[in-house]
2 protein chains.
Amino acid sequence: MTNQTVGRPGLPADPRADVAEPSTSCPVEITLDALRGRWTTLIVRELLRHDHSFSELRQALPALSDKVLADRLAHLVRSQVVDRQREPGWPPRTRYTLTPHGRALGPVLQALWDWGSETPQPPARAATS
Amino acid sequence: MTNQTVGRPGLPADPRADVAEPSTSCPVEITLDALRGRWTTLIVRELLRHDHSFSELRQALPALSDKVLADRLAHLVRSQVVDRQREPGWPPRTRYTLTPHGRALGPVLQALWDWGSETPQPPARAATS
DNA sequence: CTGAATCCCTGCCGATACTG
DNA sequence: CAGTATCGGCAGGGATTCAG
């Protein structure tokens with residue numbers, strides 16, 4: 001440990017913390033990018049409970065369309081959150097599981113949950129209009 | 001006891017954890033919504049260090065345009081992360097500080113940072129093509 | 001069953017110009 | 001100094017359709 005944790009909660013002294021513009025090398029943005037997109041956290045939540053097949057995920061999230069589900073899963077695979085295992089034979093079945101790294105998102109989601117739980121007012125997302 | 005928090009990291013037994021579609025009442029989405037948008041986390045980072053005026057933020061983030069900065073700040077104010085204090089007199093000066101709730105984002109950003117730091121490969125956002 | 005391809009629509013992002 | 005108004009470009013999100 002080179003430094004940090006000295007009275008700087010959430011702000012490590014890593015040089016990557018000093019970037020002046022959004023950068024894909026910033027660890028915070030890496031994580032936010034992995035979780036980016038609608039439905040993504042819900043898919044991760046489902047996979048945290050147990051692994052699913054493609055149609056099991058569709059059943060768990062009925063309002064989610066095929067394309068978006070496939071898109072999210074591909075993104076999560078690229079982000080090393082999800083592992084895709086095709087089972088040979090028929091009918092074709094693909095099992096989606098969380099990688100160890102993906103399972104490590106548990107505390108992250110917990111932190112997001114905790115902060116959101118303590119948000120006093122309902123989110124006035126669209127202002128007062 | 002239908003469920004509990006024993007051994008369920010990141011998956012509280014809250015009924016809001018069972019939503020079947022993206023909902024603004026989900027604490028996770030509340031937090032992700034607060035941090036949503038490009039530049040947002042960088043603005044929060046700056047304000048975690050010390051409070052800024054509008055132009056101090058522009059100096060700290062030179063590539064950020066006025067409109068987006070004002071947009072992000074308004075969003076953060078709505079999300080109860082930032083407090084805006086207009087100082088009367090001339091020239092007009094507005095001081096932006098983090099609310100206590102906003103300062104509580106420190107551990108959240110730390111969690112995001114930690115997970116992103118442990119991501120092995122660089123983010124292959126656009127695949128290999 | 002598991003996706004990929006296509007089309008359309010919406011909302012975000014950024015630049016420029018203008019007001020208190 | 002501290003924003004708002006407006007416009008355009010572009011990527012994200014979703015429904016439908018088609019393929020392996």
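Residue numbers start from 1 in every chain, and the chains themselves are labelled A, B, ... in the order their sequence lines are given, proteins ahead of strands. We use all heavy atoms of the structure for the numbers below, so side chains are in, but hydrogens, waters and symmetry mates are not.
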Interatomic distance, A/R93 CZ vs C/dG3 P [rounded to whole Å]: 11 Å

Side chain of B/F54 (C-beta onward), nearest among D/dA2, D/dA15, C/dC13: D/dA2

Distance in angstrom units between B/R36 CZ and C/dC13 P, rounded: 8 Å

Residue A/Y96, side-chain heavy atoms: nucleotide from D/dC1, D/dG3, C/dT2 that is nearest: C/dT2

Side-chain touch B/L112/B/L35, heavy atoms, less than 4.5 angstrom: yes

Proximity to the side chain of A/R38 - top-ranked nucleotide from D/dA2, D/dG14, C/dT2: D/dG14

For atom CZ of B/R84 and atom C1' of D/dG3, their distance in whole Å: 8 Å

Taking every non-hydrogen atom, the tightest pair across A/Q80 and A/T99: O-OG1, 2.7 Å

Under-4.0 Å side-chain N/O to phosphate OP1/OP2 contact, A/S65 with D/dG13: no

Touch class at under 4.0 angstrom, heavy-atom based, for A/R72 against every strand present: sugar-phosphate

A/S53 side chain, from C-beta outward: closest of D/dT16, C/dC1, C/dT2: C/dT2

Charged N-O contact under 4.0 Å between A/D33 and A/R78: no

Distance, rounded to the nearest Å, where A/L73 contributes CG and C/dA4 contributes P: 10 Å

Between C1' of C/dC8 and NZ of A/K67, the distance in whole Å: 11 Å

N/O (side chain, A/S55) to phosphate O (OP1/OP2, C/dT2) under 4.0 Å: yes

Toward the 5' end of DNA chain D, by each residue's nearest nucleotide, B/R95 or A/D71: B/R95

Integer-rounded Å distance: D/dC1 P and B/E56 CD: 11 Å

Per B/P91 side chain, nearest of listed nucleotides C/dG3, D/dG20, D/dC1: D/dC1

Out of D/dG14, D/dG12, C/dG3, whichever nucleotide has its closest atom nearest the side chain of A/W39: D/dG14

Validation row: B/V44, B/L109 side chains within 4.5 angstrom (heavy atoms): yes

Minimum heavy-atom distance A/H101-B/W115, with the two atoms named: O-NE1, 2.8 Å

Among C/dA15, C/dG3, D/dA2, the nucleotide that comes nearest once only the side chain of A/R86 is considered: C/dG3

Integer-rounded Å distance: C/dG3 C1' and A/D66 CG: 8 Å

Between C1' of D/dT16 and CG of A/L69, the distance in whole Å: 16 Å

